[in-house]
Amino acid sequence: MTMIAGKNMNHSFGFSSPLASKNRPFIDLEVDEAVAVEKRRFAFVLFENFSLMAFTGALDALVTANLVKSNIVYEFSVVSAADVEGEVVSDLGIEVAVDYPLEDLQEDAFDYLILCGGYRLEMRSLPRLRAKLKTADHVGCVLGGLWNGSYFIAEAGLLEGYECAFHPDGRAMMSEEFPGVKISQQSHVVDRDRVSCAGANSSLDMMLSILSRDCDGACISAIEEVLSCDKKSDVIDISAISIDRNNLLPKSLKSALELMRNNIDEPLSVEELADWVGISRRQLERLFGNHLDTSPSRYYLELRLTQARQLLQHTNKTLADIAVATGFVNISHFRRCFSQLFGVSPGRFRKLPPQSS
């Protein structure tokens, strides 16, 4: 595949803290559509009774990568393993439309070929699929399996010497039938040009590992911010999961962050924050610099503008009301700060949904 230079999306970020990940889908909405980008193409092969949750988890990662403006554009097609047109029935009885049957799959048009298995999938030899897999491997396509989809890759003789994640119920069978394949205890495995996951919950993590080959850490963090924000029992609205889940942050820093979140409309000064948590201003600034790579005042500003973005996006409040609600007594200052961070004015932002990117 011809490699085309992608646009570096990081240059436009006004954010200097982990909140950039939370806001990345909403930064620079008016991008230059003429900029050439590299593409990755995925084909998902669906069997009858495939795991809908595993399939949608994998797709979620690709769609979200596009929303957060990775340097790669991800495209996908859905293929029926049964050589039938129309729909394939998932494990939940929900029909999913396919783009075309297996016989019409052009292997050299894709970078990844992912087989979507499920709990009730019958694992047996499928000669037409075996031939397709061998051709795909020959043209350099990465082969993968969700749940127990990797069985068919192994049956085609294309997993010898590879490590493979597989649903626990099928691991004994895989070890017996394919002794040359290392069956992993891990939930997902990326081993060179083979990828696999053991079930529905691990498909997203498998896809994030795949995406990390192309995308920088900031992009992966942004995807996780969108898709993994509810893994904890308590979900904080305007913080970032990289902070929420970091149990190593000093108590005084956590207290300062909580004070900021609870005082958006009437921001505290840095001196007041330091007094409340019982340390000096210099100590507080050092904590922010060491752990969040920004200053307290800068982080506080970005936190307030994150809430402003949410209010613009989900309410009909006026700009003046939103400015007051997020601690800006001067609407001109609010407009200027918002435009610097998001690359678009607050009024324009409200008219441009993220999907427009």
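At most 12 non-hydrogen atoms from other residues, nucleotides or ligands lie less than 6.0 angstrom from CG of Asp293. Under a cut-off of 6.0 angstrom, the local environment of CD in Gln186 is sparse, with at most 12 non-hydrogen atoms contributed by other residues, nucleotides or ligands. More than 12 non-hydrogen atoms from other residues, nucleotides or ligands lie less than 6.0 angstrom from CG of Asn290. For Tyr100, the OH atom is densely surrounded, since the number of other residues' heavy atoms within 6.0 Å is greater than 12. Counted within 6.0 Å of CZ on Arg282, heavy atoms from surrounding residues, nucleotides or ligands total 12 or fewer; the atom is thus considered open.
Nearest heavy atoms, Pro346 versus Ser339: CD-OG, 4.0 Å. Nearest heavy atom pair, residue Gly117 against residue Leu121, reads CA-CD2, 3.6 Å. Residue Ser202 comes nearest to Cys197 through the heavy atom pair OG-CB, 3.4 Å, listed as atom of the first residue, atom of the second, then distance. The two residues Val277 and Ser255 have their closest heavy-atom pair at CG1-CB, 3.6 Å. Residues Ile183 and Ser175 share a closest heavy-atom pair of CG1-OG, 3.7 Å. When every heavy atom of Ala308 is checked against every heavy atom of Phe334, the shortest pair comes out as CB-CE1, 3.6 Å.
Interatomic distance, Ile322 CD1 to Thr326 OG1, rounded to the nearest 0.5 Å: 7.5 Å. Here the straight-line distance linking atom CG of Leu259 with atom CG of Asp275 works out to 11.0 Å at 0.5 Å rounding. Atom OG of Ser203 sits about 7.5 Å away from atom CE of Met53, to the nearest 0.5 Å. Note that the CG atom of Leu284 and the CD atom of Glu271 stand 9.5 Å from one another [nearest 0.5 Å]. Note that the CD atom of Gln283 and the CZ atom of Arg286 stand 6.5 Å from one another [nearest 0.5 Å]. Here the CG atom belonging to Leu211 is positioned 6.0 Å from the CG atom belonging to Leu62, to the nearest 0.5 angstrom.
Between the side chain of Arg194 and the backbone N or O of Leu158, at least one donor-acceptor pair lies under 3.5 Å. Distance alone, capped at 3.5 Å, places no donor-acceptor pair between the Asn49 side chain and the Val89 backbone. No donor-acceptor pair closer than 3.5 Å links the side chain of Glu160 to the backbone N or O of Gly157. Looking only at distances, a side-chain donor or acceptor of Arg120 sits under 3.5 Å from a matching main-chain atom of Asp91. Between the side chain of Arg350 and the backbone N or O of Leu312, at least one donor-acceptor pair lies under 3.5 Å. Counting only distance, with no hydrogens or angles, the side chain of Arg40 and the backbone of Ile72 share no donor-acceptor pair below 3.5 Å.
The stretch residues 169-191 participates, sequence neighbours left out, in no salt bridge (Lys or Arg N to Asp or Glu O under 4.0 Å) pair at all. Residues in residues 97-109 take part in these salt bridge (Lys or Arg N to Asp or Glu O under 4.0 Å) pairs, two or more places apart or across chains: Glu103-Arg128, Glu107-Lys132.
Under a hydrophobic clustering in which Ile, Leu, Val, Met, Phe, Trp and Tyr are joined whenever their side-chain heavy atoms come within less than 4.5 Å, directly or via other members, Leu92 and Leu146 fall into the same cluster. Cluster annotation: Ile114 is not connected to Trp147 through the hydrophobic network of ILVMFWY side chains, with a link wherever side-chain heavy atoms come within less than 4.5 Å. A continuous path of hydrophobic side-chain contacts links Val270 to Leu268 [ILVMFWY only; heavy atoms under 4.5 Å]. Following chains of ILVMFWY side-chain contacts shorter than 4.5 Å, one can reach Ile220 starting from Leu227, so the two form part of one hydrophobic cluster. Val142 and Val189 fall into different hydrophobic clusters, defined by Ile, Leu, Val, Met, Phe, Trp and Tyr side-chain heavy atoms under 4.5 Å apart, directly or through other members.
The closest side-chain donor-acceptor pair between Thr318 and Asp321 falls under 3.5 angstrom. Ser184 and Glu163 share a donor-acceptor pair across their side chains, judged by distance under 3.5 Å alone.
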Give the intermediate values and the outcome of salt bridge (charged side-chain N to carboxylate O under 4.0 Å, His left out) for residues Lys39 and Asp214. CA-CA 10 Å; Lys39 294 183 178 180; Asp214 299 324; over 6 Å; no
Before giving the answer on salt bridge (charged side-chain N to carboxylate O under 4.0 Å, His left out), spell out for Glu285 and Arg281 the whole-Å C-alpha distance, their side-chain angles and the decisive distance to 0.1 Å. CA-CA 6 Å; Glu285 291 174 338; Arg281 173 175 179 149; 2.9 Å; yes
Go through the steps for Val63 and Tyr74 under the test side chain to side chain contact (heavy atoms under 4.5 Å, CB included), then give the verdict. CA-CA 7 Å; Val63 172; Tyr74 295 94; over 6 Å; no
Verdict with supporting geometry, Leu126 and Leu102, side chain to side chain contact (heavy atoms under 4.5 Å, CB included): CA-CA 11 Å; Leu126 298 174; Leu102 183 66; over 6 Å; no
Given the rule in the side chain to side chain contact (heavy atoms under 4.5 Å, CB included) test, do Val88 and Val96 qualify, once you have shown the distances and angles that lead to the verdict? CA-CA 5 Å; Val88 178; Val96 172; 5.5 Å; no
Does the pair Leu253 and Leu257 meet the rule for a side chain to side chain contact (heavy atoms under 4.5 Å, CB included), with working shown? CA-CA 6 Å; Leu253 178 55; Leu257 292 171; 4.3 Å; yes
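Taking 4.5 Å as the limit, every side-chain heavy atom of Ser345 sits out of range of all side-chain heavy atoms of Arg335. The shortest distance between side-chain heavy atoms of Tyr119 and Asn148 does not fall below 4.5 Å. Residues Phe166 and Met173 meet the side-chain proximity criterion, which asks for heavy atoms closer than 4.5 Å. Residues Ile153 and Tyr162 form no side-chain contact, since every pair of their non-hydrogen atoms from C-beta on lies 4.5 Å or further apart. In this structure, Val98 and Val79 have side chains that are not in contact, with every pair of non-hydrogen atoms separated by 4.5 Å or more. Looking only at side-chain heavy atoms (C-beta outward), Ile223 and Cys219 come within less than 4.5 Å of each other. You'll find the side chain of Phe328 reaches within 4.5 Å of the side chain of Cys337, heavy atoms only.
Ring-plane geometry between Phe338 and Phe349 is classed as perpendicular, the angle between the planes exceeding 60 degrees on a 0 to 90 degree scale with a lower cut at 30. Ring orientation note: the planes of Phe42 and Tyr112 are close to parallel, at an angle under 30° on the 30°/60° scale.
Between Tyr151 and Phe178, the distance from one ring center to the other falls under 6.0 angstrom. Two rings, from Phe50 and Phe44, have their centers 6.0 Å or more apart.
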